[in-house]
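Before any comments, here is the structure.
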Number of protein chains: 2
Amino acid sequence: MRFSYQRETIRDIVCSTNAHPNAGQVFNLAKKLIPKISLGTVYRNLKQLEENGDLRSIYDGNIARYDRNTEPHNHLKCKKCGALVDVNVHDNDIRSDMKKKFQFTVDDIEMTIIGTCQKHTK
Amino acid sequence: MRFSYQRETIRDIVCSTNAHPNAGQVFNLAKKLIPKISLGTVYRNLKQLEENGDLRSIYDGNIARYDRNTEPHNHLKCKKCGALVDVNVHDNDIRSDMKKKFQFTVDDIEMTIIGTCQKHTK
DNA sequence: ACCTCAAATAGTAATAGTTCTTATTATTAT
DNA sequence: ATAATAATAAGAACTATTACTATTTGAGGT
């Protein structure tokens, strides 16, 4: 993959936040640095960076958001503020359980824990 | 909510399968019974049935699929055949853990366990 | 520094899934 | 049976994403 200033900028934007931005948000931030950047470039590069293992995508409803954390992990989603926060849930039991009960070989567990974060609990 | 033959047909279609069909698939099945039914009617009614608690929706990537099972449960997704199968994972530990560690009140855990089902394991 | 050439880009058209609009039809209370 | 209004069919519109294409750019060789 050849160097491109656009791709590096896109990578830096995603990697400098834990907000899990979507393509549109990355595009808006990128425009401040590269006014002529196009939305297609953002989509193409986010996909390439994901295929390359530099980023990972997560679906929030029907839209893709990008995560700088490529290690296996899960998310807490607050339905009051929409925030998505990385969290690690111990899932070895789940993996072995699925194997034993259903002969199902687990590759990945996509888990989003939905609820209300401490900011909105009084 | 007033009675409609279209809505009852849509409900019956989703409730008669465990295949978790999407809107397009429900539409195609509904057309066999009501040739003039429109796609908008399918979308509108699926949404209403979900709001009513008769069905629930799950996202498979970025598309919505409908599930007759409205009880809390999770899914196994085989990446070979795309099949989505209901499964119950014990998650009381997760709920109490999130509360204790992050003061996060859990409403629901959306969990899709991705891997290979026994049909494709030799 | 200049040339070459494939890879990447900007701009725009196209697509997929879904929601909205509107004139017409169907259900239900009276 | 009639009136009031919720639901429909048909198609336009919208949102997120991907594809197309002429032009530009990065990197290696000269």
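Order of the sequence lines sets the chain letters (A, B, ...), proteins ahead of strands, with each chain counted from 1.
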Given side chains that start at C-beta, do those of B:Val89 and A:Asp97 come closer than 4.5 Å, heavy atoms only?
no

Starting at CZ of B:Arg7 and ending at C1' of D:dT8, how long is that distance when rounded to a whole Å?
11 Å

Scanning both residues in full, the closest heavy-atom pair of B:Ile37 with B:Phe27 reads O-CE1, 3.4 Å

Looking just at side-chain N and O atoms, do B:Glu50 and B:Ser57 make a donor-acceptor pair shorter than 3.5 Å?
yes

Using whole Å, what does the distance between atom P of nucleotide D:dA6 and atom CD of B:Glu8 come to?
18 Å

With a 4.5 Å heavy-atom cut-off, do B:His75 and B:Asp86 have their side chains touching?
yes

Note: A:Asp60-A:Arg65 ion pair, threshold 4.0 Å (strictly below)
yes

Between D:dT8 (P) and B:Lys31 (NZ): distance, integer Å:
17 Å

Which base, if any, makes a Watson-Crick or G-U wobble pair with D:dT17, both distances under 3.5 Å?
C:dA14

Residues from residues 75-86 of chain A lying under 4.0 Å of DNA chain C - heavy atoms
none

So how far is it from A:Leu49 CG to A:Arg68 CZ, rounded to the nearest 0.5 Å?
15.0 Å

As an exercise, state the distance from OG1 of A:Thr116 to CZ of B:Phe104, rounded to the nearest 0.5 Å.
6.5 Å

Interatomic distance, A:Lys31 atom NZ to A:Ser38 atom OG [nearest 0.5 angstrom]
10.5 Å

What is the 5' to 3' range of DNA chain C, first to last nucleotide, that sits under 4.0 Å from any heavy atom of chain B?
C:dG17 to C:dT28

Position toward the 5' end of DNA chain C (nearest nucleotide), A:Gln48 or A:Lys36
A:Gln48

Hey, are A:Glu8 and A:Arg11 close enough for a salt bridge, meaning a charged N less than 4.0 Å from a carboxylate O?
yes

Base-contact (B) and sugar-phosphate-only (S) positions in nucleotides 12-30 of chain D, heavy-atom cut-off under 4.0 Å, - elsewhere:
----SBB------BBS---

Is any side-chain heavy atom of A:Asp67 closer than 4.5 Å to one of A:Leu55?
no

With distance as the sole test, does A:His120 use its side chain to make a donor-acceptor pair with the main-chain N or O of A:Gln118 at under 3.5 Å?
no

